[in-house]
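Both counts, for ligands and for their atoms, begin at 1 and track the order of listing. For reference, positions follow the sequence shown, starting with 1. Hydrogens, waters and symmetry mates play no part in the numbers below; they use all other heavy atoms, side chains included.
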Amino acid sequence: MTIAENIAKVRENIAAACARAGRDPAEITLIAVSKTHPPQAVQAAMTVGVQHFGENRVEEASTKIPNVNASVPTAPIWHMIGHVQSRKAKLVVPLFDVVHSVDSIKLAEKFSALAQENDKKLPILLEINISGEAAKEGIPATDWSHDARVKATVWQIVREIVALPGLEVRGLMTMAPFYDDAEQTRPVFADLAALRAALSNDLNIALPVLSMGMTNDYEVAIEEGATWVRIGRAIFGERA
Ligand SMILES: *Cc1c(COP(=O)(O)O)cnc(C)c1O
């Protein structure tokens, strides 16, 4: 299968998941995760209309992104989806259009200051650790709806980040644990959607974006309200 054929199949699956959930496919943004793949793979996806790409490592992105941007008439929209160390934040700001992985006040403050230096507002998502897996990045929010202390901490972190002048907080992002049966990810996605609704309501902020769902589980994520899906392997094949 070619990259174009893979994208056609993914779009079909997105449309089918939307139909099952009574949603409009226009609500879903497909982010092709091009990490480890060369600029040619990004260009191939662009020829069939993909405009959003995700990368997770600053080093790789700092050569790939300028390379791709110089080779196409209109640069795509670049999403930083990987963990960012504070000291690398200054490399991220000029390269990426949106950062999905802001998971601490410290990192948010750093991004806000850098964006202000560049006279821009950086669109970001707050990465949330819903599942409680020790290895996962993200603001810990397991059991937020039952545990008042967890909830108070999450609310305080979000309040402080939303108040930063250089950021535009668009929504929430999560990674579900890997299960062979994608159905098992459903409660994780449903919980992130509920957290988004509660935060938006309590803090009176618009949080339109829910970035959730990868190759293994994007259809379930869409059924549970995802607006951005981050798909690598189903488009570009297995990574080396
Ligand atoms: C690699 C990655 C993806 C894409 O995963 P696939 O299984 O290849 O679809 C999505 N989100 C994040 C944060 C990633 O690091």
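Residues passing the side chain to side chain donor-acceptor pair (under 3.5 Å) test with K110: none are found, sequence neighbours excluded.
E55 has no carboxylate O lying under 4.0 Å from a charged side-chain N of R57, or vice versa, which leaves the two without a salt bridge. Look at K121 and E168 and you find no salt bridge, because none of the NZ, NE, NH1 or NH2 atoms lies under 4.0 Å from a carboxylate O.
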Quiz item: Could you walk me through whether E59 and K88 pass the salt bridge (charged side-chain N to carboxylate O under 4.0 Å, His left out) check?
Solution: CA-CA 10 Å; E59 293 78 5; K88 296 211 176 139; 2.6 Å; yes

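Ligand 1 is surrounded by V33, K35, I81, M173, M175, M214, T215, R230, I231, G232, R233, R239, each with at least one heavy atom closer than 4.0 Å.
I81 and M214 sit in two unconnected hydrophobic clusters of ILVMFWY residues. Membership requires side-chain heavy atoms under 4.5 Å apart, directly or through other members.
Partner of M173 under the side-chain contact (heavy atoms from CB on, under 4.5 Å) criterion, out of V102, L192, L210, L125: L125 alone.
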